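Just below is one structure, and these are the notes that go with it.
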Amino acid sequence: RAQAVSKRESYEIDLTQWQIYPVGDSTAVERKLEINSSQPTITFAPSSATSVVFSAQGMANPAIKFTICRDNDAANGYLLDIRPSGLIKRFQRGYKDDSNTLTSCTSF
């Protein structure tokens, strides 16, 4: 989000390759997340999403939620909520909002 706003152009996060690049130029990858399969797993909803785009104004499309868990342990997992406004909220470990616990790493 910060990159899109500071450069005043839309950026896409490819959720299949975990790459970040300017919208419309997937060959100009500026960042790539390397995920070690023995480390925490990342699940997102809607699961049909293949990317998230942050506009130059910081807005996100689509709104999306991520869980990051190791060994499917929801009590120690994290939920990140990317809202349409572009606000990114990380809830406390083991919580799916400010007061309810995360009971699953795959459905939230």
Side-chain angles (χ1 to χ4, degrees):
R1 179 178 190 249
Q3 191 163 342
V5 172
S6 68
K7 292 195 173 187
R8 296 187 177 140
E9 66 178 302
S10 295
Y11 271 81
E12 182 171 354
I13 302 172
D14 179 331
L15 300 175
T16 61
Q17 300 293 316
W18 292 102
Q19 299 176 342
I20 299 171
Y21 47 82
V23 168
D25 192 0
S26 61
T27 63
V29 174
E30 294 188 16
R31 296 179 189 203
K32 179 169 176 59
L33 175 63
E34 299 290 338
I35 299 175
N36 182 337
S37 61
S38 68
Q39 297 297 316
T41 56
I42 301 172
T43 305
F44 51 90
S47 59
S48 60
T50 57
S51 67
V52 176
V53 173
F54 284 99
S55 72
Q57 295 78 28
M59 307 288 280
N61 186 25
I64 194 164
K65 293 182 180 188
F66 294 87
T67 56
I68 303 169
C69 293
R70 185 177 195 147
D71 298 325
N72 206 28
D73 180 10
N76 287 301
Y78 289 93
L79 179 101
L80 285 91
D81 184 4
I82 300 175
R83 298 176 182 168
S85 66
L87 174 72
I88 302 170
K89 178 149 182 166
R90 180 185 56 87
F91 292 98
Q92 290 182 1
R93 180 176 30 184
Y95 281 82
K96 65 179 177 180
D97 56 34
D98 291 327
S99 59
N100 296 300
T101 58
L102 188 62
T103 57
S104 169
C105 293
T106 58
S107 62
F108 33 89

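All figures in this text were calculated on a predicted structure; none of them were measured in a lab.
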Checklist entry - Using 30° and 60° as the class limits, which term best fits the ring planes of W18 and F44: parallel, tilted or perpendicular? => result perpendicular
Checklist entry - Would L15 and V52 satisfy side-chain contact (heavy atoms from CB on, under 4.5 Å), going step by step from the backbone distance to the final call? => result CA-CA 7 Å; L15 300 175; V52 176; 4.1 Å; yes
Looking only at heavy atoms, what is the nearest atom pair of [X] and [Y], with distance?
X: A4; Y: S55; result: CB-O, 3.5 Å
X: A74; Y: C69; result: CA-SG, 4.2 Å
X: K32; Y: Q17; result: NZ-O, 2.9 Å
X: A60; Y: R83; result: CB-O, 3.5 Å
X: E9; Y: A56; result: N-CB, 3.5 Å
X: P22; Y: E30; result: CG-OE2, 3.7 Å

Checklist entry - For F54, which of I20, V5, I82, V23 qualifies under side chain to side chain contact (heavy atoms under 4.5 Å, CB included)? => result I82
Checklist entry - Between L102, L79, N100, T101, which is the residue that forms a side chain to side chain contact (heavy atoms under 4.5 Å, CB included) with Y95? => result T101
Item to check | Stepwise side-chain contact (heavy atoms from CB on, under 4.5 Å) test for D98 and K89 | outcome: CA-CA 10 Å; D98 291 327; K89 178 149 182 166; 3.2 Å; yes
Checklist entry - Given the rule that I, L, V, M, F, W and Y join up when any side-chain heavy atoms are under 4.5 Å apart, are L33 and Y11 in one cluster? => result yes
Next on the checklist: Let me check something: do Y21 and V53 share a hydrophobic cluster, defined by ILVMFWY side-chain heavy atoms less than 4.5 Å apart, either directly or through other members?
Outcome noted: no
Next on the checklist: Quick check: do N61 and P84 have side-chain heavy atoms less than 4.5 Å from each other?
Outcome noted: no
Reported [atom1]-to-[atom2] distance for the pair [X] and [Y], which is rounded to 0.5 angstrom:
X: T67; Y: Y78; atom1: OG1; atom2: OH; result: 13.0 Å
X: I88; Y: I64; atom1: CD1; atom2: CD1; result: 11.5 Å
X: D14; Y: T50; atom1: CG; atom2: OG1; result: 7.0 Å

Item to check | Side-chain donor or acceptor of K96 paired with backbone N/O of F91 under 3.5 Å | outcome: no
Checklist entry - Would one find more than 12 heavy atoms of other residues, nucleotides or ligands at under 6.0 Å from atom CD of Q92? => result no
